[in-house]
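This report refers to the structure that appears directly beneath it.
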Protein chains: 2
Amino acid sequence: MTLDEISSTAVRLMEASGVEGLSMRKLAAELNVNPMSLYHHVESKDALLALICATAAERMHMPPDDGAPWQEQLMALALAYHRHAKEHPAIWGYLHTHPRLIADRRLPIWQTLYRILRLAGVPDPELRRTSDILHAFVSGFILAETQGHMSDDPEEIGRTFDAAIQLIIGGLASATS
Amino acid sequence: MTLDEISSTAVRLMEASGVEGLSMRKLAAELNVNPMSLYHHVESKDALLALICATAAERMHMPPDDGAPWQEQLMALALAYHRHAKEHPAIWGYLHTHPRLIADRRLPIWQTLYRILRLAGVPDPELRRTSDILHAFVSGFILAETQGHMSDDPEEIGRTFDAAIQLIIGGLASATS
DNA sequence: ACCTGAACACCGTTCAAGT
DNA sequence: ACCTGAACACCGTTCAAGT
């Protein structure tokens, strides 16, 4: 039994029945192993969830720099992030309620966001603050969506997401002009 | 033993040791009562938490209409909300991860926000969407803050919060002009 | 080094019985 | 109507013992 097997089985359980559907005991049963054996590969349940989130954040595919205006690139990044979160709702739901787990600035998401914000004219000393704000905003949106606070109609949610990003773009433009 | 006693004791436990510090069994012990007695006053733990959140949302004090420009009133509302959330971090942490619990449009927070957005020139059919976006943004910010994703320095957090609201104001201004 | 079983200290909640 | 004790079906994790 490897760490990879453990974490991919845990991901399967989460995708099947949410974070609350993942327990160390169920995970062990799924792997035909004693619950305590897991603790030889992972320090705790929290550590396992942190590992799963870190892996998901690392693997997230980022849109490349296509030379388009920053407004378009920011919209593309937001849409990619949103799509990714919707494809793995359990993991990203957990991650957005534990924002520490995505704090590592070397992650592709932050590198890409920094590049686009520089393009938008955000000065270097403001990059950290501005990227924190934008990520908090998008996190809050996705959390509201996954918790069913938004409309039930996916098209209306799409329009609302668009409007949200347009609002951010307008705000950034007015701050840097 | 009344519902009020139950919920105010539950709030005390939450403020002392977070949501995870509240259990039906500890709550019963605190009230010198059998754990099962609680279920004669409350349907479930979730229902109790929903009641606590609803009460907190209703009681939130809103800044009055002082005739100031919408930008100032929106900033004042955001600051009041932020302050309130910081004073009761456990309740608002739970509420922001369960946004359904603040969905009731009759709550003072929504009434006030609608009034200010109308002042800002947001057309009536857009009020619902725009207020959802703004609330999601502020929720995401507060969640990031309470989870320790933001800076440790309260002054820096204050500056970041200011910048966040200025960004929203700039975005609203560019959308309605 | 890796795995195990028994146990500890908890949970929320059901159910039948008491007053 | 309100409260109770015992029980059910779970948790995460510690610890001592096995190979």
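What's counted below: heavy atoms across the whole structure, side chains too, no hydrogens, waters or symmetry copies. Proteins come first, then strands; the chains are lettered A, B, ... in the order of their sequence lines, and each starts at number 1.
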For atom [atom1] of [X] and atom [atom2] of [N], their distance in whole Å:
X: B:Arg25; N: D:dG5; atom1: CZ; atom2: C1'; value: 11 Å
X: B:Leu3; N: D:dC2; atom1: CG; atom2: P; value: 12 Å
X: B:Asn32; N: D:dC2; atom1: CG; atom2: C1'; value: 17 Å
X: B:Met1; N: D:dA1; atom1: CE; atom2: P; value: 16 Å

Exercise. Is it true that the side chains of A:Arg105 and A:Tyr114 contain a donor and an acceptor less than 3.5 Å apart?
Worked result: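 Yes.
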Exercise. With no hydrogens and no angle check, do the side chains of B:Glu5 and B:Thr9 hold a donor and an acceptor under 3.5 Å apart?
Worked result: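 B:Thr9 and B:Glu5 do not have a side-chain donor-acceptor pair below 3.5 Å.
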Problem set entry | Stems formed with participation of DNA chain C [Watson-Crick or G-U wobble, under 3.5 Å, three or more pairs] |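 Correct response: C:4-8 with D:12-16, C:12-16 with D:4-8.
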Problem set entry | Under 4.0 angstrom between B:Asn34 side-chain N/O and D:dC3 OP1 or OP2 | no
For this session: Respond yes when some side-chain nitrogen or oxygen of A:Lys26 is under 4.0 Å from OP1 or OP2 of D:dC11, and no when none is.
Result: yes
Seminar exercise, completed: Per the under-4.0 Å heavy-atom filter, residues of residues 35-51 of chain A near DNA chain D come out as A:Met36, A:Tyr39, A:Ser44, A:Lys45
For this session: For the pair A:Glu15 and A:Arg12, find out whether any cationic side-chain nitrogen is under 4.0 Å from an anionic carboxylate oxygen.
Result: no
Exercise. Has the side chain of B:Ser37 got a donor or acceptor atom that lies under 3.5 Å from a matching backbone atom of B:Val33?
Worked result: no
Exercise. Counting distance only, does the side-chain N/O of A:His84 pair as donor-acceptor with the main-chain N or O of A:Ala80 below 3.5 Å?
Worked result: no
Exercise. Looking at residues at least two apart in the chain, or sitting in another chain, which of them share a side-chain hydrogen bond (donor to acceptor under 3.5 Å, both in side chains) with A:Tyr94?
Worked result: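 Partners of A:Tyr94 by the side-chain hydrogen bond (donor to acceptor under 3.5 Å, both in side chains) criterion come out as none, since no residue qualifies.
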Exercise. Taking the C1' atom of each, how far is C:dC15 from D:dC3, in whole Å?
Worked result: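 One C1' to the other, the span is 14 Å.
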For this session: Given salt bridge (Lys or Arg N to Asp or Glu O under 4.0 Å), test A:Lys26 with A:Glu30 step by step and report yes or no.
Result: CA-CA 6 Å; A:Lys26 277 186 210 158; A:Glu30 199 76 11; over 6 Å; no
Problem set entry | Close side-chain approach of A:His88 and A:Val11, heavy atoms under 4.5 Å | no
